[in-house]
Each structure stands twice: as structure tokens, then as C-alpha cells.
Student: 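Okay, here's the structure, questions in a sec.
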There are 2 protein chains.
Amino acid sequence: MKESAIRTRILEVASRLFYKQGYNSTGINQIIEEASIARGSLYNHFPSKRDLLTAYIQNMEEFSFQEWNTLLEPIKDPKQKLLKLFDIAMLRQTRSEFGGCAFIKIASEIPCDDLVAFDLVYHQKKATKTYMENLITQINIENPQSVDKEIVANTIFLLMEGAMVTATIAKNNQALIDAKKIAESLL
Amino acid sequence: MKESAIRTRILEVASRLFYKQGYNSTGINQIIEEASIARGSLYNHFPSKRDLLTAYIQNMEEFSFQEWNTLLEPIKDPKQKLLKLFDIAMLRQTRSEFGGCAFIKIASEIPCDDLVAFDLVYHQKKATKTYMENLITQINIENPQSVDKEIVANTIFLLMEGAMVTATIAKNNQALIDAKKIAESLL
DNA sequence: GTCTATAGCTGGATAGAC
DNA sequence: GTCTATCCAGCTATAGAC
């Protein structure tokens, strides 16, 4: 479909600006200008700015897990897969100039009445934890009783979250390097 | 000084609104209305909204450490002091209806060019980690070689950060309960 | 479906009376 | 140093031509 090309461009530009400048600091005017489309076209595809936010979060979640799958696919050892998640987090932080986790950012600034966006963020975090749990289950299958699955999954998830926000505030990857080492010692 | 009474009221109202609604979502109009003061009075005490933000962050940091000192003072065992920090985090989350860490929120939404605010957030996080390190040093003095100071401090700090953001997104204290248990097992 | 023009409002900040 | 009146730029969203 030709019509979805413009939709894609709108969403790409909006995503970049929402992430870099923040949702509230990004106006419709800037989006239409940088996407080189007209005001009416935007509202034709997205009835409101909030719909654009919803699409942004859903799109980010899909992209995030796709990238994980792609980059983890060549690795065979589930323990190395799990540790690779920290490398990917560092990669993302470096290429975004320490912009931080998009979902945490959105959760921090969305209007308190936007429950839809909040639920999408919650969903992403839950799926992330499940993703980690599945990797740990594979570790357990290959090497039974090597780790206490539930506690390790909890610990590594919380370490990752903490390291992401810390790396963002410190503007360097040290916290992620530390978190990876700690995670390694648990497995 | 009588004059600082109105300044205090402005800062109180602004702080409440910045935390609850977000900095970008809170307008000057709402602040002056809820503080029942005139536009000019606000700009007399705070030359710009950004100065109000700076004062908010500094004030929050001071309050945060004061509360820690007060609530930890009755406890003698340094290990119990450290674990108490998780209880205080739960207390704060409950009383703010899971509003999250004020400093992480601000770091997520401030304009990218406001380096002053960003540095203040960085300063607070560094001070928080130092606070934890000092408690762990005391544990080591009472019970030498019980823990590897540097790694434990890193781990507990990252767990706390991760648990705070997770509790905020999940709107319950489970992550902080989990993090406390993990921290306890490390000490 | 894409465009321009504009409505209707609210943002931060300033000027000047008192 | 506290007030009111006001400026102007920005916002989201809509109307109607093409």
C-alpha cells in the first residue's frame, strides 16, 4: 500500500523526536515539518497526538524484541545469550547517546490519565522479564540445579533496569558493565 | 524573614505539581493559582521556570537524605540500616501512589539542554551510592570480610534503582520486596 | 487523502501601577 | 515586593478547498 508509506514516515519522525526530546516537548508542528507532510495528513493517519504515542510505544516494543531475537540467534549457549542482553543494552545506549530506556522515559512523563500508554509500558516490561526467564529455563535444562530460576530472573531483571537508568544519568556504560559482571557471577 | 514564606509556598506547590504531573505538564498558571499568589511574585522569587526546577531538585535531595538520617538514626545495626532503605523506598512509593523516584523522573523529561538540572540529578545519585557504601563499610568494620564492599554496594544500588522503576510501572511494591530479600542474602 | 488556513487556547515571560 | 494587564509564541485540533 502506498498510503502506509506516509504513515511510516510520520511514525519514524515522531518516534525519533519523542525519544530524543521527550513526548511533551515535541509538538505536532515539528513532526509535520521534519516529515515534510501537511497537518491534515497527520491527523488523517493519527486522530490525535495520543494515538501517535500509542503507535510509538507498540512499534518500539516490536523493534526491541526483534533486535534481541536477531542478535541472539547466532549464539547457542543460553547463558551467553542472557549475558549478551547487557551488551545489546550498551550498544543501544551508545548509539542513542545515552538516551535511556524509551519505556521508562515514557512512563516518567506521560499524562497521569493516559492509562493506555501506561499499560503498554507495563506490558513491555513484563514481556522483557518473561524473555529473561525463558533463557534461564534453558540454562537450567542444560545444567540442572545450577541456578535458582525465579530469584536469578528477578535479580537480573532488576539489575538491568537499574543499570539502564544509571548509565543514562551517568552518560556512560559503567553501570551496565558492572551489572553484566554481577549477572555472570550468578549463573 | 517574612519574604521567604511566600517563596516557600511557591516551591511547595511547584514541587508537588512537578512530581505528580511532571515538569513539562505543569504550567506557571497552575502554580500561581494553587499557591494563591500573583504572577509577578513568582517571577520575583524565581526568574524563570527553570530556576524553579533547580530549586525543586536541590530541595528534594536535601529532604531525601534528611528523611534517611531521621529514620535510620534509631537503628544500631548497620546491616539493618541498609535494609531499612528498602522499607523507606516502599513507604515513599505507597504515600506517593507509586509516583516513582523524583530524580529519575526529572532526568527522563528535562529538556536536553538543561545541563544544570541533569548535573543535580547525577549528584544526587552519586551521593546515594556513597551513602550506601558508608553503611557497608560499617558492616565490614563490625564483621570483617563478611562482604566484598565494592561489588555489594554496586549490586544493592542497582537493585534499588531497578526496583524503584519497576515498582512504579507495576504500581505495587513487589519489586522492592524482592530487591530487599536479594540484598539481605548478599550481606 | 493531501493540502492551507485558522480557530481556540495555553505556554512562559514582561511592564508598569501601587 | 506584590499586584493586574498584556504580549507573543507555541500548542492541538478542525474546516473546507482541491
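A, B, ... follow the sequence lines: proteins, then strands. Residue 1 opens every chain.
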Student: With respect to the side chain of B/His45, which nucleotide from D/dT2, C/dT14, C/dT4 is positioned closest?
Tutor: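 Among the listed nucleotides, the one closest to the side chain of B/His45 is D/dT2.
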Student: Hydrophobic cluster membership, with links at side-chain heavy-atom distances under 4.5 Å among I/L/V/M/F/W/Y: are A/Met164 and A/Leu91 in one?
Tutor: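 Yes, it is one cluster - the side chains of A/Met164 and A/Leu91 are joined through contacts under 4.5 Å.
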Student: When you measure from the side chain of A/Arg39, which nucleotide among D/dA13, C/dC3, C/dG12 comes out closest?
Tutor: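 For the A/Arg39 side chain, the nearest candidate turns out to be D/dA13.
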Student: A/Leu187 versus A/Ile156: any side-chain heavy-atom pair under 4.5 Å?
Tutor: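 With C-beta onward as the side chain, the pair touches.
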Student: Take the protein atom CZ of A/Arg7 and the nucleotide atom P of C/dG1, then report the distance between them rounded to whole Å.
Tutor: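 Interatomic distance, CZ of A/Arg7 to P of C/dG1: 13 Å.
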Student: For A/Gln21 and D/dG10, give me the distance from atom CD to atom C1', rounded to whole Å.
Tutor: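 Taking CD of A/Gln21 and C1' of D/dG10, I get 14 Å after rounding.
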Student: Relative to A/Tyr23, does A/Lys49 satisfy both conditions: NZ or CZ under 6.0 angstrom from the six-membered ring centre, and within 45 degrees of the ring's axis?
Tutor: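 Cation-pi check for A/Lys49 and A/Tyr23: passes.
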Student: In residues 25-37 of chain A, which ones come under 4.0 Å of DNA chain D, going by heavy atoms?
Tutor: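 Here the set is A/Thr26, A/Gly27, A/Ile28, A/Asn29.
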Student: Phosphate oxygens OP1/OP2 of D/dG1: is one of them under 4.0 Å from a side-chain N or O of B/Ser41?
Tutor: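 Negative; the distance criterion is not met.
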Student: Round to a whole Å and report the spacing from CG of B/Leu42 to P of D/dG1.
Tutor: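 To the nearest whole Å, that distance equals 15 Å.
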Student: Taking all atoms of both residues into account, what is the closest heavy-atom pair of B/Lys84 and B/Leu71, and its distance?
Tutor: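 Reported closest heavy-atom pair: CE-O, 4.2 Å.
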Student: Relative to each other, are the rings of B/Phe65 and B/Tyr131 parallel, tilted or perpendicular (30° and 60° limits)?
Tutor: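 B/Phe65 and B/Tyr131: parallel rings.
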Student: Identify, between A/Arg50 and B/Asn44, the residue whose nearest nucleotide on DNA chain D lies closer to the 5' end.
Tutor: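 It is B/Asn44 whose nearest nucleotide is closer to the 5' end.
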Student: What nucleotide among C/dT4, D/dC3, C/dG12 has an atom nearest to a side-chain atom of B/Lys49?
Tutor: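 From the listed options, C/dG12 comes nearest.
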Student: How long is the line joining CZ of B/Phe46 and P of C/dT14, in whole Å?
Tutor: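 Spelled out: CZ on B/Phe46 to P on C/dT14 is 16 Å.
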Student: Which residues pass the ring pair (Phe, Tyr, Trp, His ring centres under 6.0 Å) test with A/Phe98, sequence neighbours left out?
Tutor: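 Testing A/Phe98 for ring pair (Phe, Tyr, Trp, His ring centres under 6.0 Å), a comparison that skips the adjacent residues, returns none.
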Student: Can you check the A/Leu52 CG to D/dT12 C1' distance for me, whole Å?
Tutor: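 After rounding, the gap between these two atoms is 12 Å.
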Student: Taking atom C1' of D/dG10 as reference, at what distance in whole Å does atom CG of A/Asn24 sit?
Tutor: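 From A/Asn24 CG to D/dG10 C1': 14 Å.
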Student: For a side-chain contact (heavy atoms from CB on, under 4.5 Å) with A/Leu82, tell me which candidate from A/Glu184, A/Gln138, A/Met132, A/Lys180 qualifies.
Tutor: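 The passing option is A/Met132.
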